[in-house]
S.K.: 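What follows is a single structure, and I will ask about it in a moment.
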Amino acid sequence: MSLILSMERIRDEDRPKVGGKAFALASLPKGEFTVPQAICITTDAYDAYVSLTGLRERILMEIHRKDFREMRWEEMWDASLRIRNMFLNTPIPSQLLAALGDAVTPFSAGKAVAVRSSAPGEDSAKASFAGLHESYVNVRGGDVILDHVRKVWASLWSDSALLYRRELGLDPDKSAMAVLIQEMVLGERSGVVFCRSPMDPSQAVIESVHGLNQGLVDGTVEPDRWIVKRASREILSHVEPVRDCWVAPVEGGAALEALPPELASRPPLSDDEAKAVCRLAMSAEDHFGAPQDVEWTFRKGVLHLLQSRPITTGESDNRTDNRAWYLSLRRSFDNLRALRNTIEDDLIPAILRDGADLESMDLEALPLEELASEAERRGDIHRRWVETYWRDFIPFAHGARLFGQVYNDAVRPADPYEFMGLLAATEMESLKRNRLLEGMARELRESPRLRNAIERGDAAREDPSFGGRLDAFVSRYGLLICPGGPSADCRFHVSGILLKMAEAPPTSSGAVPASVSAEAFLSRFEGKQREEAAEMLDLARASYRLRDDDNLHLARIEAELDRAVALAEARLAPDSVTPEDLGACRERISRVKKKGYVPRSTAASPTVNPDFEIRRRQLTGQPAGPGLARGPARVITKRSDLTQFQSGEVLVCDAVDPAMTFVVPLCAGIVERRGGMLIHGAIIAREYGLPCVTGVTEATTRIRTGQALTVDGYLGIVIVGPDSIG
Amino acid sequence: MNERKLMEQTNEARLELSRLLNSQRLAVLGTHNGGQPYASLVSFAAAPDLTHLLFATTRSTRKYANLISDPRAAMLIDNRSNHETDIHSAMAVTATGAVGELLDTERAEAQVRYLAKHPYLEEFVRSPSCALIRLAVRTYYLVTRFQNVIEIHMPS
């Protein structure tokens with residue numbers, strides 16, 4: 001067993017132990033290439049660490065809790081976060097520490113290093129997936145380096161690695177991670193060169209930035225781009241971006257900063273240097289016998305090769321493969337900061353304006369032709385917002401995830417979701433709505449006379465002010481609660497909910513557990529980093545809040561579309577228009593419907609084999625809200641099912657959306673088919689302190705309304721039926 | 001049989017039992033509900049003096065409900081390997097006794113011992129919905145070589 005190998009000692013047979021990245025660098029002939037001094041912590045060290053600490057079995061437990069094919073990306077992200085936290089909270093055992101300490105001794109005198117992942121299999125010629133595992137730059141000091149080694153080990157189980165687990169051959173029993181500790185070359189100009197363009201194989205593509213490479217690799221710094229003819233090294237084109245920022249080394253890492261003006265006007269490379277970079281890539285290609293994707297940096301005029309890996313397209317032929325899209329959801333802090341401005345300053349005001357405009361329009365007054373046109377217009381508006389939702393709102397949700405990772409890195413809590421306690425102190429539209437409901441329920445609890453009046457349907461006469469508030473509530477939220485929108489029926493329905501709430505004890509929400517304080521997090525940082533941490537917390541709160549609110553805003557647009565379509569359909573009764581008009585309008589309306597909102601699929605009934613019956617006793621999902629609850633199930637397959645909801649029931653549904661959560665104050669617990677810790681069901685459950693299990697694949701198909709349920713929100717399991725042996 | 005021989009045999013049986021209990025991770029737990037027997041697989045750990053066996057379960061399971069209504073239980077631990085030779089070479093022990101849920105300091109102490117054997121169950125055992133149960137063993141029935149059965153009675 002060799003825990004550490006210097007680059008000179010790496011032989012062909014060591015490849016599985018040192019990983020593709022380290023192996024490639026070790027094989028480059030000295031003299032021909034300038035590569036940074038480095039050592040490799042082999043997969044043996046990873047193996048020893050997970051075996052000695054018992055982590056291997058804990059990872060196995062996490063990976064096997066649910067079938068991967070049934071896991072959403074959000075669930076993989078959650079699993080990955082839990083595994084990462086295990087690594088963060090598991091120190092390297094002393095016997096291993098002694099051996100690894102020797103490895104970092106040459107670097108411990110304050111010399112900066114890069115700590116890079118070098119996974120066996122990651123960079124093989126067949127599968128090259130850049131960025132699935134973590135690397136850290138500008139790390140200093142023995143202990144800090146080894147701390148980062150653990151983070152790189154943990155990234156063997158990153159969410160993206162879990163997504164590409166088949167291609168990587170990821171196997172909890174066998175997979176291991178090697179780590180490359182590389183002397184940091186603080187280059188003044190850096191970049192990436194693809195020695196064969198995916199567009200034209202006769203060309204090479206160079207991307208380059210001022211400063212370090214990180215901004216280029218994660219997409220936050222726009223690079224200068226050169227296209228070079230491979231055969232002649234002739235520069236075919238040079239596209240210059242607006243150069244306004246760069247990634248510069250700072251204490252303990254690297255940070256995005258404004259680019260000094262004297263550099264902003266200058267491309268990072270001269271033509272000759274671009275050609276030299278191209279030559280470097282071609283030499284690497286000659287050496288490895290395959291086109292390479294090479295990372296490099298210029299320091300004091302010397303061109304260093306930082307890493308080299310074979311180019312593969314990485315794209316799947318399968319058009320239904322949306323994994324690349326999931327990975328694109330992982331945004332950097334700076335990217336999210338820009339997105340937040342767009343969302344808060346432009347998009348949210350615009351969607352609210354659109355919703356209000358649509359709501360204020362008197363559709364009843366429109367002749368049928370115009371109503372059909374209006375429905376078409378609404379279909380377009382709705383479609384535009386759905387696109388915006390996927391393009392901007394969903395990626396912004398990553399803000400809460402990014403914060404979770406930063407929080408766990410800094411605080412290392414036992415509970416990887418402790419950070420959510422800090423996010424919960426935010427004001428969500430659905431909670432404002434529920435507080436209005438709770439306020440009215442409290443009045444009913446205190447006044448039997450009012451309760452009787454509301455049962456009789458004349459609350460307004462008994463207490464005009466209450467009646468006014470009820471009416472205001474119905475007109476504000478009715479469209480989202482009742483299938484038919486604000487109406488006498490809806491008023492009756494809301495009254496029913498209030499009566500049920502009045503019978504139950506008061507609920508409270510939004511209480512932040514005393515154990516989580518923002519200061520405990522912020523105190524881990526100093527100076528500028530503390531400011532950034534505070535900003536990141538603020539951004540995460542905005543992200544958390546928006547993930548609830550955007551759905552309500554979108555649901556309002558959708559309900560307005562439905563309103564126009566429903567009205568037009570009602571008018572299409574044969575006696576109200578001439579036959580020709582009717583035909584044309586009907587076709588137009590049906591087109592709108594086709595393009596527009598498609599109701600979620602309803603639950604299939606449980607399949608019963610005539611010979612034997614299978615019943616699910618215990619269903620496994622993800623723990624999403626701690627606590628234990630018992631109660632009868634209420635399976636929601638369509639919005640109108642919510643009107644039946646009784647106090648003390650467990651809400652079981654495909655996907656909780658904020659328009660549904662007005663019944664949450666009546667709930668004993670929540671069970672959801674869709675999985676994840678940061679989805680609405682989980683967020684709202686946490687706000688109300690309700691036990692919640694998400695990611696229960698068969699929730700709406702195997703559970704029937706009325707069945708006794710136990711929701712174990714600590715362990716993520718749902719137990720169906722009474723405790724007797726049949 | 002003289003006293004010394006008897007002592008040797010007792011020690012040997014104890015040793016064999018101890019080896020079996022420490023080498024195995026899973027046990028079959030027997031409970032009943034109103035006379036209907038019910039068997040479950042559990043991860044167990046034995047006390048160093050063999051006086052009791054530990055296992056964990058959430059409080060929503062059938063086995064837990066059964067044990068609440070009647071704490072008497074049996075546990076089967078064996079080292080079979082699903083080969084023909086099992087019939088003569090495998091060893092099995094049935095432990096009988098009564099269970100109790102461990103609380104507070106008793107639980108904290110037992111939990112350390114239990115997790116030392118099953119570290120990967122940490123999240124499960126630490127969950128507030130999970131009970132740590134102790135079976136105080138009255139008797140062990142140790143079966144070897146197919147039909148060779150000895151009883152080990154624990155001090156009461």
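This is a predicted model, so every value here is computed, not measured. Each chain gets a letter, A, B and so on, in the order the sequences are listed, and its residues count up from 1.
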S.K.: In this structure, are over 12 heavy atoms from other groups packed under 6.0 Å from R113(B) atom CZ?
M.R.: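 Enclosed: over 12 neighbouring heavy atoms sit under 6.0 Å from CZ of R113(B).
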S.K.: Once salt bridge (charged side-chain N to carboxylate O under 4.0 Å, His left out) is applied, do any residues pair with E57(A), and if so which ones, sequence neighbours excluded?
M.R.: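 Checked E57(A) against salt bridge (charged side-chain N to carboxylate O under 4.0 Å, His left out); zero matches.
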S.K.: Please tabulate, for side-chain N and O atoms in residues 86-94 of chain A, each donor-acceptor pair with protein atoms closer than 3.5 Å (sequence neighbours left out).
M.R.:
unit_1	atom_1	unit_2	atom_2	d
N89(A)	ND2	N85(A)	O	3.3
N89(A)	ND2	P413(A)	O	3.0
T90(A)	OG1	M86(A)	O	2.5

S.K.: So, applying side-chain contact (heavy atoms from CB on, under 4.5 Å) with S129(B), which one of T710(A), V711(A), D712(A) is it?
M.R.: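 Of all the options given, the one that passes is D712(A).
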S.K.: Under the criterion side-chain contact (heavy atoms from CB on, under 4.5 Å), I'd like the reasoning laid out for E123(B) against R58(A): C-alpha separation, chi angles, the key distance, then a yes or no.
M.R.: CA-CA 9 Å; E123(B) 193 193 28; R58(A) 291 177 65 199; over 6 Å; no
S.K.: Which bit of I717(A) comes within less than 4.5 Å of chain B, counting heavy atoms only: side chain, backbone, both or neither?
M.R.: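 When you check distances to chain B, only side chain atoms of I717(A) fall under 4.5 Å.
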S.K.: Can you confirm whether more than 12 heavy atoms, excluding those of R80(B), are under 6.0 Å from its CZ atom?
M.R.: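 Atom CZ in R80(B) is not crowded, with 12 or fewer foreign heavy atoms closer than 6.0 Å.
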S.K.: More than 12 non-hydrogen atoms from neighbouring residues, nucleotides or ligands closer than 6.0 Å to CD on Q95(A), yes or no?
M.R.: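 Yes, enclosed.
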S.K.: Got a second to check how far I719(A)'s CD1 is from T61(B)'s OG1, nearest 0.5 Å?
M.R.: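 Spacing of CD1 (I719(A)) from OG1 (T61(B)) equals 8.0 Å.
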S.K.: I'd like to check M61(A) versus L121(B) (side-chain heavy atoms, cut-off strictly below 4.5 Å). Are they in contact?
M.R.: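 When only atoms from C-beta onward are counted, L121(B) and M61(A) do touch, with a gap below 4.5 Å.
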S.K.: Could you go through the side-chain contact (heavy atoms from CB on, under 4.5 Å) check for L628(A) and S60(B) one step at a time?
M.R.: CA-CA 10 Å; L628(A) 194 69; S60(B) 313; 4.3 Å; yes
S.K.: So which atom in R62(B) and which in R617(A) form the shortest heavy-atom distance, rounded to 0.1 Å?
M.R.: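 Taking R62(B) first and R617(A) second, the nearest heavy atoms are NH2-CD, 3.3 Å.
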S.K.: May I ask you to test the F124(B)-L715(A) pair for a side-chain heavy-atom distance under 4.5 Å?
M.R.: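 Yes, at least one pair of side-chain atoms sits under 4.5 Å.
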S.K.: Looking at H83(B), I want to see if its NE2 is surrounded by more than 12 non-hydrogen atoms of other residues, nucleotides or ligands under 6.0 Å.
M.R.: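 Counting neighbours around NE2 of H83(B), 12 or fewer heavy atoms of other residues, nucleotides or ligands fall under 6.0 Å, so no.
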S.K.: For S69(B), is it the side chain, the backbone, both, or neither that has a heavy atom closer than 4.5 Å to a heavy atom of chain A?
M.R.: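 Nothing of S69(B), per the 4.5 Å heavy-atom cut-off to chain A.
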S.K.: Using a 6.0 Å cut-off, check whether atom CD of E84(B) has over 12 heavy atoms from anything other than its own residue.
M.R.: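 It does not: E84(B) CD has 12 such atoms or fewer within range.
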